[in-house]
Structure formats: structure tokens, C-alpha cells
J.: 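Quick one: the structure is below, questions incoming.
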Amino acid sequence: MKKKVPVARNVGEAREKALRELRDGLDVDLLLAHALGLTREWLYAHPEQVLTDRERQVFHEYVARRAAREPLAYITGRREFYGLDLRVDASVLIPRPATECLVERALVWWRENPPAPGPNDPAMIVEAGAGSGAISLALASELPEATVIAGEVSVAAARVAHENVQRLDLAGRVYAVIADLQPPTGPAPRLLVANLPYIPRAVIDTLEPEVCDHEPRAALDGGDDGFDLYRRFIDEMRVVPGGAAAIEIGRDQAALIRAAVSGHDPRLTVEVTPDLEGFDRVALIRGFR
Ligand SMILES: C[S@@+](CC[C@H](N)C(=O)[O-])C[C@H]1O[C@@H](n2cnc3c(N)ncnc32)[C@H](O)[C@@H]1O
């Protein structure tokens, strides 16, 4: 017979009880801190703090959601990316650490190739598929001279990006807009960035439940070989002469990106760099005239 678990009265007991269900101490602590509106450090210092009925109920709901493999970030509504505290919900992909490599590569390129003053080379960055706005916001926060257009096809995701722009006080420099791939109007940017869906359709259902059951399909599904959207993106790229495009790719997509770019314009070059795990992750496309 299953042993009856006693009701958790205080912080310490609530943690212990939830640990039996989730087995991940960090998740438990983050959920409890979120339920109580306090920091993890406070919880560690106050294990005897008695929970109200409401706090107990909210925490219980969070634990049940996490046990059903809902990602932690969707439950807390927060995710850190490149040192920025972003709001996320189920309409956006949860920004990944590997995507910080795209930000890094783009920043190095920008700093080595600063825009020339003048109307023909605006200090402008455009993103296609901005999701929560993670990449655009990270670039804008590092490059005070840049204006960033964060394009996104999902209205719900564009709303989240817009909210993050406001929360991070970047309104006036970052604009969340609704667009299919690269926004078709406005001046060509100096830098075009994208982390578009690149997972082959048949692979999606083999991924962790956190991803395949909870993250938006439209943020994952790249068609049969994962490259449907990138092929179209590459055919439609507009960048000023001397500019660049930086995109995130799947670990085995270096050959696909090289083929798509040379098929579009053989004068363009592609440099692929790995992520921190050593997998091909970022493609930098140059040679725009
Ligand atoms: C892999 S997610 C990346 C989100 C964000 N850039 C990041 O790195 O966290 C891809 C995003 O592209 C968007 N997307 C899909 N198709 C698109 C299209 N045709 N035009 C613009 N955005 C698109 C999805 O809605 C999703 O937000």
C-alpha cells in the first residue's frame, strides 16, 4: 500500500515532499521561490517558515505541471539569456544557451566591421524569427549605436518580444514587428540575424517531452530536412554591401547552409563556428555587394 505523504507545513517539508516527485533540487527550489515570491537564498535561510494554504496550493500546482514535463521557464515565466531577464510563455521558444554563440559571433563581426557614418550604411540590425526577442535584445544591449528590427511571424510571440523590449527599457532602439522572414520593407540592414526553426519534422516527436509537447511547433519545424525556412530566407536576404548575415543552424547542417548560399550567390562566403559543445552552430555569411 502506498504510504500517505503528510501535508508539508513549512518550507523545508515542502521542498522534501516535492523532491520525491521531481528529483531535481534546483527545479524544486526555483518553483518554491516562485510560488512564494521570494529568492532561493531566503528559502535556504528559513526552512521553518510556515506556508499559507494558498502558497501550498500554488506550489503544488507548479510541481504537478513540472512533473507533467512542462518546462520550468514556462511555469516561472522567466528565462535568462545573455545576462538579460526575459519574460517567456508557451508562445515562444525558450532561448537556448547555444544561441548565445550566435550573439557572440555577431558581436565580434560587428565590432570588427563598424558601420560607416552616413545614410547608406545605417547601424541597423534585422532579425527574422525573433521569438521572445532574445537575440535582438542581447545585441541591442551590447551595441548602443544599433537600431534593431525584431521580425516575427507569430503575433503572440511578437507580443512577448514587444513586452521584453519595454521591460528592458530598449523601446526606441528595438522594434518588434510582425513579418514573414526578413521584413520586406525598410532599408537593408548591416547585419541580418536569424535562429529560424531548423529541426527536421520527423525528428521533433523524438525530442524530450519538454520540447515536443510544450514548445511551439512553429518554432521547431523546419520541414523535411529542417532547411525549408532557411532556403527561403537565404533567397530573400537583403544586406548592405559589406554587411553580413549570422544564423544559427543544426549540428549537422553545415553542408546544407553552404549549398543553399552558393546556390543563391556563389560570391558569398560561409564561415561555420561551433558552439561550446563543439557542434557546428553558427554560420556567418559575407561577401554582400
Ligand atoms: C527557433 S525559434 C527562435 C526564437 C528566438 N530567435 C530565439 O533564438 O530564442 C524560431 C522562431 O521563428 C519564428 N518563425 C517561424 N516561421 C517564421 C517565418 N516564416 N517568419 C518569421 N518568423 C518565423 C517562430 O515563430 C519562432 O518564434
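Worth knowing before you read on, the calculation uses all heavy atoms, side chains too, and leaves out hydrogens, waters and symmetry mates. As the structure lists them, so they are numbered: ligands from 1, and atoms in each ligand from 1.
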J.: Taking atom CG of L26 as the centre, does the number of heavy atoms from other residues, nucleotides or ligands within less than 6.0 Å exceed 12?
T.: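 Correct, the count exceeds 12.
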J.: Do the side chains of V174 and L168 get nearer than 4.5 Å, heavy atoms only?
T.: no
J.: Under 3.5 Å, which donor-acceptor pairs do the side chains of residues 68-76 form with other protein atoms, sequence neighbours left out?
T.:
| residue | atom | partner | partner atom | Å |
| --- | --- | --- | --- | --- |
| R69 | NE | E210 | OE1 | 3.2 |
| R69 | NE | E210 | OE2 | 2.9 |
| R69 | NH2 | E208 | OE1 | 2.9 |
| R69 | NH2 | E210 | OE1 | 3.1 |
| E70 | OE1 | R65 | NE | 3.0 |
| E70 | OE2 | R65 | NH2 | 2.7 |
| Y74 | OH | V92 | O | 2.7 |
| T76 | OG1 | L72 | O | 3.3 |
| T76 | OG1 | R78 | N | 3.4 |

J.: With sequence neighbours left out, write down each residue that passes side-chain contact (heavy atoms from CB on, under 4.5 Å) with E80, or none if nothing qualifies.
T.: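 Applying side-chain contact (heavy atoms from CB on, under 4.5 Å) to E80 gives none.
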J.: Which pairs would a plain distance check flag for residues 106-118, meaning a side-chain donor or acceptor within less than 3.5 Å of a matching protein atom at least two apart in sequence or in another chain?
T.:
| residue | atom | partner | partner atom | Å |
| --- | --- | --- | --- | --- |
| W110 | NE1 | E145 | OE2 | 2.9 |
| R111 | NH2 | E142 | O | 3.3 |
| N113 | ND2 | W109 | O | 2.8 |

J.: Who's touching ligand 1 if we go heavy atoms under 4.0 Å?
T.: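 Within the 4.0 Å shell of ligand 1, which is judged on heavy atoms, sit L93, P95, T99, E127, G129, A130, G131, I135, E152, V153, A179, D180, L181, N195, P197, A218, A219, L229, R232.
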J.: Indicate the ring-plane relationship of Y230 and F227, choosing parallel, tilted or perpendicular according to the 30° and 60° boundaries.
T.: tilted
